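Quick one: the structure is below, and I'll ask about it shortly.
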Amino acid sequence: MIDEELKGLQEDLSKVLQRVKKPKKAVVTAGMPYANGPLHIGHLAGAHVPADIYSRWLKMLIGPKNVLFVCGTDDHGSNSEVAAKTKNISTKEFIDEIHSKQQQTLKDYSIELDVYTGTSREETFEHHKNYCQDFLRKLHDNKFLTKKTSEQWYDPKIEMFLPDRFVYGECPKCDHKKAYSEECDACGANYKASELKNPKSTVSDGEPVLKDTDHWWLDMWQVTDELKEWIEGKKKTWRKSVYLETINTVYPSLVFSNKDEEIFKGLKAELPKHKSRYAPGKKIVVQFDNLADLEKGKETLMKNDIETELMDGWAHRSITRDVSWGIPVPEDRDEGMENKSLYVWPESLIAPISFTQTALKKKGLDPELYKEFWTDPESNVYQFLGQDNVYFYVLMQGAMWLGTQGAKNRMPQKGELQLTDIFSNYHLHMDGQKMSKSTGNFYTGDQFLEEMGYDSDQVRYFLSLLSLPEKNSNFDFETFQKRNQFLAGPLNAAFEKPISAVHSKFDGKVPEGKLIGKTKKETYKIVQNYIRMMEKADYPKILFMIENYARIINGLFTQYKPHDDRFDREQRKDALFSCFFILKNIMIMLSPFAPKTMEKLRKSLNLEESVLSIEELGKPITEGHPIGEKVDYFPTPKEEEA
């Protein structure tokens, strides 16, 4: 029997699928945790769970062999070194212990990484070091690095330079006893490090001194136009917060005092195309379209006695440090840079490339195949991170990539590092408050599973419903409990009813039938929305839509009673056929979000792993297909409060 409804739906869905943009290959990365403690629930919410969902989606889209999901610990720098010193163990011992615990946590949350390594680990360090050093050579040869001398805190007691946050003292403005090196949280004052009174090292409690030291600085200003062009091209695809933060930063801009406002107004017609706005401190900011226009504008303003300053603070960052635990700077480019290390931030941007090489090697493949993922314009890299790291992953990383090219003032060509796509998330709050170890409002990923007894799919599902892409969001335990009740109630019922009915009334085999009710119309809508929203990693909206789609099953049971012999048999067969059609689609669509539970459902439906593909959406479970037994899917929620 030909089901015209089904045939028409499959033709329509085929057209939808043909329009989907498919990268040839893809890498997914999640923000690298420091190797200084366990993974907390914020790490999972903001980086690892959303990245894992996206990786699973891509595998359904272009096939598992074409997708690599890589991550690892950010091992180097003073954080790990200082933490190890306080425990009186070697840095390597400290990191190995942390790494092992983090890796187990990710496994417990079904984070399906191709590799979880680390920048200092044996399987990665050597090729990572070589790649980083070659990277620095290219930046230096392309004149993207300049050497500058600056003062930095040094602790004579432990013979170590200290980052600013490892120095405290008395605020020169308000005398607060725990002020940082250059800013005071108590009064909000900013000051020079040399003005801090009675400085102390948080590591040794000794008195640090300021010493001159040389470092390489990355000059991002020279690729301002290219960064702006790239970011403008992402206006419709990137999250609004990522786009606005980066485009507003990268616009070539001048700032001057508002006392010159009237003169400026009289010059507007003479200036190149620009926008102006008021800024704090009685200032006016003027944004130009490109660097050439900015130079012309600056010249015009200077001729009319308007003193301006470049807003280029974002574009100059030190990328080396005086630490022993790190990637050594190559010694064949700049005399005087011996015993310097690459700063952990630029190193962590390069690290996923090295991790890709490690993942390929782990699979028995040539590590040089990383180029097919990172340097091919037909492939893509998707990176998930916290909102406060957007600057580094967009502006610094973009400038670094452009700085290694044969020619800097153009977009990357085939064979050069391709600019990546960024998905950022805001901070997770717990019960309405920012997570804090000091107040006890802090939860590790392990606590949810080991102490509170939740299932990882419950946590993954709930985290995916939060509005983290748009704003700081709250993990409210009462709401979490209600969501778990829904999963164990109506959603489980949608899984269980068809399986029970087919065994009790149809010999455990999918009956012959056709699509009825809203099945065709709602399937077409959900598949369209699923593809569109998964591309954007817009998880909350699509999950609510899938839940509504699942309610059709309960509606078909209410109306046609497939489990009750007293009702029309043909209608019952059609209803059950439609239920299994919907159920297969749900299983595919929810598999990235709740992989353990959907694996149980796949086995109950007696389907091969190969059905986890976008191409399988809208394809029915065929007549006569034997269905397995139902099992416990989403667990019954705990009654006791967390």
Side-chain angles (χ1 to χ4, degrees), residues 3 5-6 9 457-458 461-462 464-465 479 481-506 508-527 529-530 540-591 593-594 597-598 600-607 617-621 625 627-637:
D3 181 356
E5 287 267 304
L6 178 57
L9 174 61
D457 275 2
Q458 291 176 313
Y461 199 99
F462 187 68
S464 302
L465 288 169
T479 307
Q481 188 79 345
K482 288 177 182 175
R483 291 306 307 169
N484 289 336
Q485 288 167 355
F486 170 80
L487 297 180
L491 198 55
N492 269 358
F495 305 159
E496 294 165 355
K497 285 180 179 179
I499 296 171
S500 294
V502 81
H503 281 289
S504 64
K505 302 300 178 183
F506 294 93
K509 294 178 181 178
V510 176
E512 178 186 23
K514 62 181 186 291
L515 301 184
I516 59 172
K518 300 187 291 184
T519 305
K520 176 189 172 182
K521 177 185 172 186
E522 294 303 320
T523 299
Y524 181 70
K525 280 170 58 179
I526 194 73
V527 172
N529 283 319
Y530 185 75
K541 288 179 186 173
I542 196 59
L543 281 176
F544 286 124
M545 289 181 180
I546 293 170
E547 291 172 4
N548 284 331
Y549 183 60
R551 289 186 174 96
I552 299 173
I553 292 176
N554 293 326
L556 289 169
F557 265 79
T558 300
Q559 186 172 357
Y560 297 105
K561 306 286 193 296
H563 57 292
D564 193 335
D565 289 333
R566 293 172 297 175
F567 289 79
D568 182 85
R569 184 168 176 81
E570 290 305 311
Q571 287 186 342
R572 288 167 55 219
K573 285 165 65 178
D574 289 342
L576 199 54
F577 178 83
S578 297
C579 286
F580 279 111
F581 175 81
I582 293 168
L583 201 49
K584 179 186 171 186
N585 292 331
I586 291 172
M587 184 270 296
I588 293 170
M589 290 188 289
L590 283 185
S591 62
F593 298 94
T597 308
M598 291 307 104
K600 293 179 189 176
L601 183 56
R602 181 187 68 78
K603 289 179 177 177
S604 290
L605 296 177
N606 197 21
L607 296 170
L617 289 172
K619 291 183 181 178
I621 301 177
H625 177 83
I627 297 296
E629 296 296 329
K630 70 176 182 179
V631 296
D632 293 331
Y633 299 109
F634 285 107
T636 303

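This chain uses plain numbering: 1 for the first residue, then up along the sequence. Bear in mind the structure is a predicted one, so any value in this text is a computation, not a measurement.
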Tyr530 vs Ile588 side-chain heavy atoms within contact, under 4.5 Å: no

Exercise: identify the closest heavy-atom pair between Arg483 and Leu465: NE-CD1, 3.3 Å

Side-chain heavy atoms of Leu601 within contact of Leu583, under 4.5 Å: yes

Expected output: side-chain Asn484 to main-chain Pro637 donor-acceptor under 3.5 Å: no

Phe580: ring pair (Phe, Tyr, Trp, His ring centres under 6.0 Å) partners, not counting sequence neighbours: none

Straight-line distance of Ser604 OG to Ile499 CD1, nearest 0.5 Å: 4.5 Å

Residues Ile516, Gln571; criterion side chain to side chain contact (heavy atoms under 4.5 Å, CB included); working and verdict: CA-CA 9 Å; Ile516 59 172; Gln571 287 186 342; 5.7 Å; no

Heavy-atom pair of closest approach, residues Pro635 and Ala488: O-CB, 3.4 Å

Residue pairs fulfilling salt bridge (Lys or Arg N to Asp or Glu O under 4.0 Å) with at least one residue in residues 575-591, sequence neighbours excluded: Lys584-Glu616

Any side-chain heavy-atom pair of Ser500 and His563 under 4.5 Å: no

Value rounded to 0.5 Å, distance of CG in Asn554 from SG in Cys579: 8.5 Å

For Phe506, all residues meeting ring pair (Phe, Tyr, Trp, His ring centres under 6.0 Å), sequence neighbours excluded: none

Spatial distance of atom CE (Met598) from atom NZ (Lys600) [nearest 0.5 Å]: 9.5 Å

Leu556 side chain reached by Ile582 side chain, heavy atoms, under 4.5 Å: yes

Min side-chain heavy-atom separation Asp574-Tyr560 under 4.5 Å: no

Inter-residue atom distance Gln485.CD - Asn492.CG, 0.5 Å rounding: 12.5 Å

Test item: Leu590 and Leu491 side chains (from C-beta on) under 4.5 Å apart, heavy atoms: yes

Spatial distance of atom NZ (Lys603) from atom CE (Met587) [nearest 0.5 Å]: 12.5 Å

Ala494 to Ala550 - nearest heavy-atom pair and separation: CB-O, 3.8 Å

Stepwise side chain to side chain donor-acceptor pair (under 3.5 Å) test for Asn585 and Tyr549: CA-CA 10 Å; Asn585 292 331; Tyr549 183 60; 3.1 Å; yes

Taking every non-hydrogen atom, the tightest pair across Phe577 and Pro620: CZ-CB, 3.8 Å

side-chain contact (heavy atoms from CB on, under 4.5 Å) against Asn548, all qualifying residues, sequence neighbours excluded: Arg551

Least distance between heavy atoms, Val502 atom then Val510 atom: CG2-N, 4.0 Å

Sub-4.5 Å side-chain heavy-atom contact between Lys514 and Leu6: no

Partners meeting side-chain contact (heavy atoms from CB on, under 4.5 Å) with Glu629 (sequence neighbours left out): His503

Tyr633: partners by ring pair (Phe, Tyr, Trp, His ring centres under 6.0 Å), with sequence neighbours left out: Phe495

Heavy-atom side-chain contact between Lys505 and Leu576 under 4.5 Å: no

Atom CG of Asp568 with >12 non-hydrogen neighbours under 6.0 angstrom: yes

Geometric class of the Phe634/Tyr461 ring pair [parallel <30°, tilted 30-60°, perpendicular >60°]: perpendicular

Value rounded to 0.5 Å, distance of NZ in Lys521 from CD in Glu5: 12.0 Å

Crowding at NZ, Lys561 (>12 non-hydrogen neighbours, <6.0 Å): yes

